[in-house]
2 protein chains.
Amino acid sequence: MAGRTRKSSSKRATLADVAQVANVSAITVSRVLNHPDKVSDDLKRRVQEAIDSLGYIPNQSASSLASARSRVIGVAIPSLSNIVFNDVLRGIYDVADANGYKVLLVDTHYSPLEEEKMVRTLLSQSPEAMIITGGDQTRACHRMLESAAIPVVQMMEILDKPLDMNVGFSHYQAGYDVAVRLLQTGCKSLGFVGARMDTRTQQRMHGFVKALEERNAYKPEWIVTTPEPSSIALGGELLRSLISTSSGAIDAIFCCNDDLALGALFESQRMNIKVPGDLSLCGFNDFETSAFVNPSLSSVHVPRYEMGVTAAQMILDRLEGGNDSRNKVDIGYEIMMRQSTPSLGSSN
Amino acid sequence: MAGRTRKSSSKRATLADVAQVANVSAITVSRVLNHPDKVSDDLKRRVQEAIDSLGYIPNQSASSLASARSRVIGVAIPSLSNIVFNDVLRGIYDVADANGYKVLLVDTHYSPLEEEKMVRTLLSQSPEAMIITGGDQTRACHRMLESAAIPVVQMMEILDKPLDMNVGFSHYQAGYDVAVRLLQTGCKSLGFVGARMDTRTQQRMHGFVKALEERNAYKPEWIVTTPEPSSIALGGELLRSLISTSSGAIDAIFCCNDDLALGALFESQRMNIKVPGDLSLCGFNDFETSAFVNPSLSSVHVPRYEMGVTAAQMILDRLEGGNDSRNKVDIGYEIMMRQSTPSLGSSN
DNA sequence: ACGCCTAATGATAGCGCAAACATTTACCAT
DNA sequence: ATGGTAAATGTTTGCGCTATCATTAGGCGT
């Protein structure tokens with residue numbers, strides 16, 4: 001009666017199929033989905049029934065192609081294993097989800113070359129904005145991002161000359177401040193343990209070293225680094241190595257992250273080194289473990305979730321709001337002095 | 001000379017633009033990118049130069065629409081904060097990347113309704129396959145996945161009737177085995193601490209309880225659960241609660257994950273409860289911390305990275321290989337007995 | 001009654017690409 | 001020379017959707 005049935009099964013339903021079932025034009029179906037205020041309630045109902053009965057799911061590729069809007073935000077992080085990025089991602093996802101954006105996430109493995117490849121992949125999806133990590137991109141990568149002409153947020157660190165927008169904090173200053181605080185607690189011989197040594201880790205180290213130099217407390221041989229990725233196990237190994245090269249002279253160690261610091265703490269316990277009696281320890285990132293381990297671990301707290309939220313919001317402001325929004329946000333950090341470092345009062 | 005220049009700037013270059021510059025047809029450019037073996041070296045070079053000079057990046061939406069191939073794998077996990085999924089994701093990403101697939105990742109927040117919404121979002125991107133977590137989907141979600149007619153892997157647990165493919169392990173059996181092992185070490189009064197209580201956590205609990213029941217060691221009041229998400233802090237709180245309701249009679253606790261177990265361990269230390277002297281603890285998931293903390297924490301090790309790799313490989317086998325591949329993989333687990341539980345020999 | 005506005009709906013075209021089919025060229029066996 | 005084949009390249013078409021521009025119907029002031 002109502003004309004021949006089309007591809008009733010096996011093939012995904014299209015707008016046209018829905019339109020036919022609802023006996024309206026295709027564009028009306030499109031409007032029901034994208035501009036429901038422009039369609040009468042009557043038709044809206046009819047179309048919705050057709051959609052439900054067919055199990056219609058819009059083809060986003062066709063939509064993107066026709067409308068030049070993808071509702072995708074590309075995100076590049078250097079590591080999926082480093083749980084630091086979990087919190088950031090959660091912030092990004094929360095804001096993106098709430099605003100109808102999808103996140104396309106790639107892992108650059110801390111390599112600018114891989115990042116370039118991944119950014120190319122992301123751009124081929126026509127994202128409406130990008131969130132990338134740090135400022136250490138290849139020139140080709142910069143060029144791609146520029147000619148993409150979309151909002152770009154560089155996150156995790158504050159950059160002198162961001163490509164576009166920027167949210168993060170100064171790792172250099174954080175490292176500097178840690179050195180100052182450790183010295184304030186009465187520690188005299190400070191060492192540094194770092195792994196992976198990406199640019200942000202290096203900045204922490206440079207800030208730390210700078211503070212020591214300014215106070216004549218810098219000993220190059222008390223800096224131990226490795227390109228290996230951080231781990232708790234590695235923290236233990238590096239502690240041993242530093243203890244042996246320093247012949248036990250060191251009384252405080254700044255570990256470039258909490259993995260290493262926890263590893264150092266656990267290893268100290270096994271070596272019967274008292275923390276903070278014999279040795280003070282300070283980590284970075286402030287994992288939940290750090291606050292609860294015994295002795296609790298001093299660390300640098302960074303509002304990672306807020307950083308992710310901020311990155312996503314900056315983008316949405318640009319995409320939707322349009323007007324003069326923030327281009328650079330220093331999200332700050334806080335040094336949490338806990339039991340692994342001496343309490344103040346016994347010094348100065 | 002060579003005709004009018006087109007949109008030289010500001011607009012993204014297209015295949016046609018590249019074709020014009022290289023003085024070939026559009027399809028040749030397409031072939032250089034997708035079937036380079038079908039183009040002469042001469043043209044390949046000319047086209048590549050044009051691509052480079054224009055900074056051409058293919059429009060994946062158009063490609064997907066025209067070819068009905070998206071090279072996207074949709075992945076739904078219940079939580080971005082739970083680091084258990086990091087390792088799984090890493091496995092998925094490693095395999096996907098290596099084979100030219102992109103991953104579109106969504107977070108369902110442990111809610112089947114949200115999962116349904118997210119799966120709809122994923123399907124609208126025309127993924128070529130899906131990896132979802134567990135078997136607790138809504139009927140509508142199942143229907144969508146079925147009519148999508150793409151490979152689907154349900155991961156993290158072994159299901160009786162998977163939708164399609166399945167990789168995981170038996171949480172029930174793992175919980176059961178933990179109870180048996182704890183009893184074998186001489187513990188008599190076993191408690192359970194659980195948070196979030198998603199289906200997999202419940203299965204662990206049920207297996208644990210079953211083993212106790214069979215041995216007349218089950219005390220319902222020694223099971224403490226909460227729908228709150230797990231955390232180290234919560235582990236401490238739940239320990240206190242269990243200790244007080246049991247008046248200290250309990251001599252071993254199985255925590256549904258290592259967050260809770262570490263929290264319980266740290267809190268025990270603060271309460272001056274000797275582990276394992278006064279109280280044995282066993283966690284689940286085997287975080288790196290668990291192996292290094294003092295005393296080291298017994299836990300159930302799960303090959304999460306391998307699970308992610310396997311999930312992705314099962315999909316690739318179907319997408320590319322085509323022939324009879326594995327439909328169900330039990331990835332197994334291993335109970336790691338460490339210092340937080342009594343060593344064998346003093347019992348049985 | 002007339003023009004004029006707005007709201008609701010439809011027809012058409014085209015987004016950028018690749019599948020399918022067509023054409024050209026080169027080379028070879030006979 | 002002839003037909004036959006394979007390799008290299010081109011032409012056409014349409015994927016599913018939405019922007020744009022009609023068109024129609026209804027309301028309203030004069």
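Keep in mind it's a predicted model, so treat the numbers as computed, not measured. Only heavy atoms go into these numbers, but all of them, side chains included; no hydrogens, no water, no symmetry mates. Order of the sequence lines sets the chain letters (A, B, ...), proteins ahead of strands, with each chain counted from 1.
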Checklist entry - Mind checking what makes salt bridge (charged side-chain N to carboxylate O under 4.0 Å, His left out) contact with Arg46(A), not counting sequence neighbours? => result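 Checked Arg46(A) against salt bridge (charged side-chain N to carboxylate O under 4.0 Å, His left out); zero matches.
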
Using modelled atom types only, decide if a donor and an acceptor are shared between the side chain of [X] and the backbone of [Y] within a distance under 3.5 Å.
X         : Y         : answer
Glu157(A) : Gln154(A) : no
Glu128(A) : Arg71(A)  : yes
Ser64(B)  : Gln60(B)  : yes

Rounded interatomic separation in angstrom, taking [atom1] from [X] and [atom2] from [N]:
X         : N       : atom1 : atom2 : value
Arg12(B)  : dG16(C) : CZ    : P     : 9 Å
Gln125(B) : dG16(D) : CD    : C1'   : 14 Å
Leu33(B)  : dA18(C) : CG    : C1'   : 12 Å
Gln20(A)  : dG16(D) : CD    : C1'   : 15 Å
Leu15(B)  : dC15(C) : CG    : C1'   : 13 Å
Gln60(B)  : dC17(C) : CD    : C1'   : 10 Å
Leu65(B)  : dT13(D) : CG    : P     : 18 Å
Lys11(A)  : dC15(D) : NZ    : P     : 9 Å

Checklist entry - Take atom NZ in Lys328(A); do more than 12 heavy atoms of anything else shown fall under 6.0 Å from it? => result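 Count over threshold, so yes.
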
Item to check | Option among Val106(B), Asp107(B), Thr108(B) that satisfies the side-chain contact (heavy atoms from CB on, under 4.5 Å) test with Glu115(B) | outcome: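 Output: one option passes, namely Thr108(B).
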
Where do N or O atoms of nucleotides 6-10 of chain C meet protein N or O atoms at under 3.5 Å, pair by pair?
{"from": "dT9(C)", "atom 1": "OP1", "to": "Ser40(A)", "atom 2": "OG", "distance (Å)": "2.9"}
{"from": "dT9(C)", "atom 1": "OP2", "to": "Ser40(A)", "atom 2": "N", "distance (Å)": "2.8"}
{"from": "dT9(C)", "atom 1": "OP2", "to": "Ser40(A)", "atom 2": "OG", "distance (Å)": "3.1"}
{"from": "dG10(C)", "atom 1": "OP2", "to": "Ser25(A)", "atom 2": "N", "distance (Å)": "3.2"}
{"from": "dG10(C)", "atom 1": "OP2", "to": "Ser25(A)", "atom 2": "OG", "distance (Å)": "3.0"}
{"from": "dG10(C)", "atom 1": "OP2", "to": "Thr28(A)", "atom 2": "OG1", "distance (Å)": "2.4"}
{"from": "dG10(C)", "atom 1": "N7", "to": "Arg31(A)", "atom 2": "NH2", "distance (Å)": "2.7"}

Checklist entry - Strictly by modelled atom types, are Arg12(A) and Ser126(B) linked by a side-chain donor-acceptor pair under 3.5 Å? => result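 Short answer, yes.
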
Checklist entry - Would you say the side-chain atoms of Gln313(A) and Asp317(A) include a donor-acceptor pair closer than 3.5 Å? => result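 No, Asp317(A) and Gln313(A) have no side-chain donor paired with an acceptor closer than 3.5 Å.
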
When you measure from the side chain of [X], which nucleotide among [options] comes out closest?
X        : options                   : answer
Ser63(A) : dC17(C), dC15(C), dT18(D) : dT18(D)
Ala66(B) : dG16(D), dA19(D), dC15(D) : dC15(D)
Asn59(A) : dT18(D), dA19(C), dG16(D) : dG16(D)

Checklist entry - When the C1' atoms of the five terminal pairs at each end define the local axes, what inter-axis angle does the helix from dA1(C)-dT30(D) to dT30(C)-dA1(D) show, to 10 degrees? => result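 One end axis against the other gives 40°.
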
Item to check | Distance below 4.0 Å between Asn34(A) side-chain N/O and dT18(D) OP1 or OP2 | outcome: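 The answer is yes; a side-chain N or O of Asn34(A) sits under 4.0 Å from OP1 or OP2.
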
Checklist entry - So does Ser30(B) get a side-chain nitrogen or oxygen closer than 4.0 Å to the phosphate oxygens (OP1/OP2) of dA18(C)? => result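 For Ser30(B), the contact criterion (side-chain N or O under 4.0 Å from OP1 or OP2 of dA18(C)) is met.
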
Next on the checklist: Looking at Glu116(A) and Arg120(A), is any side-chain nitrogen of the basic one under 4.0 Å from a carboxylate oxygen of the acidic one?
Outcome noted: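 Answer for the salt bridge query: yes.
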
